[in-house]
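A short write-up of the structure that comes next.
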Amino acid sequence: MEDKIRIVPGSVQETLIIPLYGRKLCSERFPHLYTDTSAAQLCARLDYDFSDLDAHAKSTFWQFGALEAAMRQIDMEWEIRDYLSSHPAAAVVNMGCGLDQTGRACDNGTCRIYNVDMPNIIAAREELVPAGERERNIAGDLNDYAWMDEVDGGDGAVFFAAGVFHYLTEVQARALVNALAARFSGCRIVFDVVGRLGKVLMRSTFKNFGMENYDECLYVENPEQLKGWCPTLTVSTRGYMLGYREMDDPNVTGLHRTLARLCDNVVKMRIVRVDCA
Ligand SMILES: C[S@@+](CC[C@H](N)C(=O)[O-])C[C@H]1O[C@@H](n2cnc3c(N)ncnc32)[C@H](O)[C@@H]1O
């Protein structure tokens, strides 16, 4: 039997469990909408107590959480494929990758895939899903730009971060976007954000995972604030739940659709796309 990989509890790294489990749940419950065949296999290889998550898995709200995890990946994949259609050999860079396989899901046979996360997550990733052809796993802190030296963006680059910018301060997020824009001309950067209410709702996540920088972390009440980050960036946003695709699965209920509209319009969950000159 293969050894299980331990994810250390009480850290920002542990947050990768939520979207991974969400993708597993979504694949089981809403297979017409989204399937991630690797998510269940990866969960099975982790030394992590999933009993609490399993206990809630049938509830409407947890299933909605699974939809959130899946819709975000669908959104990211849309933006990556759109960029690759005009830059087929681009670098596809998953910032704060956790155990997500979106780079591979978008592989067109010519792009280069990079996965960046903290060293212990990259070590786990190497063990569970070793880098394939045209793929590299990079251990690094997104706020220490040394990792960027390892990315070849000569044929273009699309950077994406799913569920990651919530854990950066606004100063860090703005500096990261500007650093990418300065180094990788013509690149695209995609990330998700929440508004003020969304940030309040995330307070328990910060508490549960032992993170203490809740007050400083990024939220975006009005996307206009992002346009002030740098005059050479073109910023656009779309709704996170319904901005890219309908939730077309027979198991999606009316309540799920209502919650999705609330997420986009009231919680202000958005996908931000930054196109750099
Ligand atoms: C909520 S998880 C999302 C994981 C993955 N993007 C997904 O959708 O499954 C957040 C991830 O961001 C990583 N992360 C947070 N802050 C980071 C930083 N400063 N540098 C590198 N990785 C970071 C965490 O280790 C974690 O894997």
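Both counts, for ligands and for their atoms, begin at 1 and track the order of listing.
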Under the side-chain hydrogen bond (donor to acceptor under 3.5 Å, both in side chains) rule, what do Tyr240 and Glu68 come out as? Steps first, then yes or no, please. CA-CA 8 Å; Tyr240 172 125; Glu68 287 180 321; 5.7 Å; no
Take Lys4 and Arg45 through the side-chain contact (heavy atoms from CB on, under 4.5 Å) test and state the conclusion after the steps. CA-CA 5 Å; Lys4 292 209 172 195; Arg45 292 277 324 268; 5.9 Å; no
Could you list each nitrogen or oxygen of ligand 1 that sits under 3.5 Å from a protein nitrogen or oxygen, with the atom names and the distance?
from     : atom 1 : to     : atom 2 : distance (Å)
ligand 1 : 6 (N)  : Gly96  : O      : 2.8
ligand 1 : 6 (N)  : Ala162 : O      : 2.9
ligand 1 : 8 (O)  : Arg23  : NH1    : 3.4
ligand 1 : 9 (O)  : Arg23  : NH1    : 3.0
ligand 1 : 9 (O)  : Arg23  : NH2    : 3.1
ligand 1 : 19 (N) : Asp141 : OD1    : 2.9
ligand 1 : 20 (N) : Leu142 : N      : 2.9
ligand 1 : 22 (N) : Asp117 : OD1    : 3.4
ligand 1 : 25 (O) : Asp117 : OD1    : 2.7
ligand 1 : 27 (O) : Asp117 : OD2    : 2.7

Which residues share a side-chain hydrogen bond (donor to acceptor under 3.5 Å, both in side chains) with Ser59, sequence neighbours left out: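 side-chain hydrogen bond (donor to acceptor under 3.5 Å, both in side chains) list for Ser59, sorted by chain: empty.
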Hydrogens and angles aside, do Glu79 and Tyr244 bring a side-chain donor and acceptor to less than 3.5 Å of each other?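 There is such a pair (donor and acceptor under 3.5 Å, judged by atom type) between the side chains of Glu79 and Tyr244.
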Considering only distance and modelled atom types, tabulate donor-acceptor pairs under 3.5 Å from the side chains of residues 8-18, sequence neighbours left out.
from  : atom 1 : to     : atom 2 : distance (Å)
Ser11 : OG     : Val8   : O      : 3.4
Ser11 : OG     : Gln13  : N      : 3.4
Ser11 : OG     : Gln13  : OE1    : 3.4
Gln13 : NE2    : Asn120 : OD1    : 3.0
Glu14 : OE1    : Gly10  : N      : 2.8
Glu14 : OE2    : Tyr48  : OH     : 2.7
Thr15 : OG1    : Val12  : O      : 2.5

Sequence neighbours left out, cut at 3.5 Å: what donor-acceptor pairs do the side chains of residues 205-214 make with other protein atoms?
from   : atom 1 : to     : atom 2 : distance (Å)
Asn208 : ND2    : Ser204 : O      : 3.3
Tyr214 : OH     : Lys199 : O      : 3.1

